[in-house]
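Positions are given from 1 along the sequence. All values reported here derive from a predicted model rather than from experimental measurement.
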Amino acid sequence: MNKSELVDYIATSADISKAAATRALNAFTGAVKETLKKNQSVTLVGFGTFSVGKRAARSGRNPRTGETIKIKAAKNPKFKAGKALKDAVN
């Protein structure tokens with residue numbers, strides 16, 4: 001399912017216009033992004049938790065040249081599914 005299909009689904013299920021569904025979806029994703037930028041988590045009970053993980057700096061190898069390179073430390077978004085979501089999938 002891509003974004004436009006998700007917007008169609010939200011509009012149909014909530015009985016709202018596609019424009020309103022698009023605004024709602026954009027507001028949700030924007031809120032998650034802003035919260036993760038602040039190193040906080042977003043928890044939706046029964047669905048899951050969006051959080052920020054930290055990856056330490058490390059050394060790697062350039063596969064083309066074999067040269068050792070330094071890879072910077074980074075933050076990456078993580079999602080942990082809640083029990084209700086896991087149960088729905090299984």
Side-chain angles (χ1 to χ4, degrees):
M1 177 180 280
N2 61 28
K3 185 176 179 179
S4 64
E5 292 169 339
L6 182 57
V7 166
D8 290 341
Y9 182 82
I10 292 169
T12 303
S13 340
D15 194 26
I16 58 176
S17 69
K18 286 184 183 180
T22 301
R23 287 192 305 272
L25 182 58
N26 289 339
F28 171 74
T29 56
V32 171
K33 286 178 192 175
E34 289 300 317
T35 303
L36 294 180
K37 280 183 185 178
K38 297 175 186 174
N39 281 332
Q40 298 175 342
S41 63
V42 177
T43 302
L44 302 171
V45 176
F47 184 72
T49 301
F50 296 92
S51 61
V52 177
K54 295 179 182 174
R55 192 169 43 214
R58 62 195 191 279
S59 61
R61 192 167 297 277
N62 182 337
R64 188 175 294 167
T65 64
E67 178 185 357
T68 301
I69 57 173
K70 294 180 183 177
I71 302 171
K72 295 180 184 178
K75 297 181 204 173
N76 58 328
K78 295 174 19 177
F79 177 75
K80 182 176 179 189
K83 184 175 180 345
L85 180 58
K86 289 179 188 176
D87 292 345
V89 172
N90 291 319

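Hydrophobic cluster membership differs between F28 and V7, with clusters built from Ile, Leu, Val, Met, Phe, Trp and Tyr side chains linked at under 4.5 angstrom.
To the nearest 0.5 Å, atom NZ of residue K75 and atom CZ of residue R55 are 13.0 Å apart. With values rounded to the nearest 0.5 angstrom, I16 atom CD1 is found 7.0 Å from I10 atom CD1. Here the straight-line distance linking atom OG of S59 with atom CD1 of I69 works out to 9.0 Å at 0.5 Å rounding. Atoms CE and CG, on M1 and L6 in that order, are 6.0 Å from each other to the nearest 0.5 Å.
Residues passing the side chain to side chain donor-acceptor pair (under 3.5 Å) test with K3 are N26, sequence neighbours excluded. Under the side chain to side chain donor-acceptor pair (under 3.5 Å) criterion, S13 pairs with no residue at all, not counting sequence neighbours. Remark: N76 engages no residue in a side chain to side chain donor-acceptor pair (under 3.5 Å) (not counting sequence neighbours). Contacts of F79 classified as ring pair (Phe, Tyr, Trp, His ring centres under 6.0 Å), with partners at least two apart in sequence or in another chain: F47, F50.
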Between S51 and K78, is a side-chain contact (heavy atoms from CB on, under 4.5 Å) present by the stated rule, with each step listed? CA-CA 5 Å; S51 61; K78 295 174 19 177; 3.9 Å; yes
Side-chain donor/acceptor pairs under 3.5 Å, residues 30-46, sequence neighbours excluded:
{"from": "T35", "atom 1": "OG1", "to": "A31", "atom 2": "O", "distance (Å)": "2.8"}

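Applying the salt bridge (Lys or Arg N to Asp or Glu O under 4.0 Å) test to pairs two or more places apart or on separate chains, those with a residue in residues 12-25 are D8-K18.
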